Undergrad: 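First, the structure itself, so that you have it in front of you.
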Amino acid sequence: MAQAVSKTCEMCMSAAGSQYCLDCEEYHCANCKLLHYRQKLSRTHQFQKASDLIPEGTSKCNEHKEELTLMCITCGVLVCTSCVTGKHNGHTFSKFSEVIAQLRGENDTRINSRRREANQHKKNIEQSLIWFDNAVESVIMTITEESTMIKRMVDKSIAEMIALVKEQSQKEKYKLIHMMSEAESVLDAGLKLDKDRQELDKMKQDRTMIQKINNLKEEINKLKIDYLTEFPYISYNSKYVNEDDIRKRIGTYNIR
């Protein structure tokens with residue numbers, strides 16, 4: 001229907017409608033024009049450059065010169081009343097105005113339906129984003145809590161090990177200190193006996209001298225030294241731990 005010149009192809013709705021089909025009264029781009037010629041029902045249609053069209057209030061049938069007021073549903077083209085009894089005899093028809101109203105209604109329904117679907121899809125995505133963000137925060141919190149628990153366990157184990165090292169090493173130190181104290185006692189006693197020996201050297205040698213020397217010998221023999229067969233030794237055997245070992249001891253996450 002030659003009304004205001006359309007600049008968009010009415011077939012593909014994307015390219016410029018540079019060609020106008022006089023039979024269908026539709027704008028076509030160059031590609032859709034070629035496709036139109038390949039159709040059996042439209043291979044004889046005539047085209048005119050869209051720039052050469054003169055807008056008219058109504059369209060005329062090229063064959064009968066009557067107004068195109070009907071739509072042949074069978075062929076999908078506009079026809080006049082004379083066409084009904086002509087080559088379109090026996091076809092199904094509707095008033096052009098009714099077809100336009102129907103098409104507009106269908107387009108409105110489709111547009112509104114698509115808009116509702118898109119709006120609902122958008123809401124679903126927004127809700128999914130909220131749920132996903134909450135889930136991510138929950139996973140991060142769980143990982144952090146697990147990390148804190150593992151650190152706490154490590155700190156506890158280290159503290160217990162250090163306390164045990166201090167306790168056992170203190171016992172060994174007490175043994176050494178006690179033995180050192182006994183050695184000092186032996187030194188003090190030996191010093192006293194050495195003085196006694198020196199006093200005996202100054203005394204007159206008589207019958208009691210031998211007795212006193214023997215007594216001193218007995219006292220010297222009483223000096224016992226508790227020798228330490230092995231000194232205590234402490235060492236630490238480090239256990240190599242890499243990142244893979246740590247990862248094996250913590251949980252995993254999954255995004256699907």
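Reckoned from all heavy atoms, side chains included, excluding hydrogens, waters and symmetry mates. For this chain, numbers begin at 1 and follow the sequence in order. Keep in mind that this is a model prediction, so the values were computed, not measured.
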Undergrad: What orientation do H88 and F93 show, parallel under 30°, tilted 30 to 60°, or perpendicular over 60°?
TA: perpendicular

Undergrad: Contact between K151 and S147 at the side-chain level, heavy atoms closer than 4.5 Å - yes or no?
TA: yes

Undergrad: Are more than 12 heavy atoms, taken from residues, nucleotides or ligands other than H64, located less than 6.0 Å from that residue's NE2 atom?
TA: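 Check passes, neighbour count above 12.
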
Undergrad: Would one find more than 12 heavy atoms of other residues, nucleotides or ligands at under 6.0 Å from atom CE of M161?
TA: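 12 or below, so no.
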
Undergrad: Does a salt bridge link E199 with K195, judged by any charged N lying under 4.0 Å from a carboxylate O?
TA: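 A salt bridge is absent here (no side-chain N lies under 4.0 Å from a carboxylate O).
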
Undergrad: Other residues, nucleotides and ligands only: do more than 12 of their heavy atoms fall within 6.0 Å of CD on Q46?
TA: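 Count not over threshold, so no.
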
Undergrad: If you define the side chain from C-beta out and look only at heavy atoms, does anything of N89 sit under 4.5 Å from V84?
TA: no

Undergrad: Can you tell whether the side chains of R152 and D155 come within less than 4.0 Å, N to carboxylate O?
TA: no

Undergrad: In chain order, what residues pass the ring-ring contact (aromatic ring centres under 6.0 Å, His included) check against F132, with sequence neighbours excluded?
TA: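 Per chain and number, F132 pairs via ring-ring contact (aromatic ring centres under 6.0 Å, His included) with no residue.
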
Undergrad: Considering only NZ, NE, NH1 and NH2 on the basic side and carboxylate oxygens on the acidic side, decide whether E126 and K123 come within less than 4.0 Å.
TA: no

Undergrad: Can you tell whether the side chains of D188 and K192 come within less than 4.0 Å, N to carboxylate O?
TA: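 Answer for the salt bridge query: no.
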
Undergrad: Does any non-hydrogen side-chain atom of S42 lie less than 4.5 Å from one of D23?
TA: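 In short, these two side chains do not touch, never coming nearer than 4.5 Å.
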
Undergrad: Is the closest side-chain heavy-atom distance between M180 and L176 below 4.5 Å?
TA: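 Side chain of M180 against side chain of L176, heavy atoms only: no contact under 4.5 Å found.
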
Undergrad: Honestly, is K33 close enough over F47, meaning NZ or CZ under 6.0 Å from the six-membered ring centre and within 45° of the axis?
TA: yes

Undergrad: More than 12 heavy atoms of other residues, nucleotides or ligands under 6.0 Å from CD of E243: yes or no?
TA: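 12 or below, so no.
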
Undergrad: Using a 4.5 Å cut-off on heavy atoms from C-beta on, say whether the side chain of E10 contacts that of H28.
TA: no

Undergrad: Mind checking whether Q102 and E106 have side chains closer than 4.5 Å, heavy atoms only?
TA: yes

Undergrad: I'd like to know whether CG of L164 has more than 12 heavy-atom contacts from other residues, nucleotides or ligands below 6.0 angstrom.
TA: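 Counting neighbours around CG of L164, more than 12 heavy atoms of other residues, nucleotides or ligands fall under 6.0 Å, so yes.
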
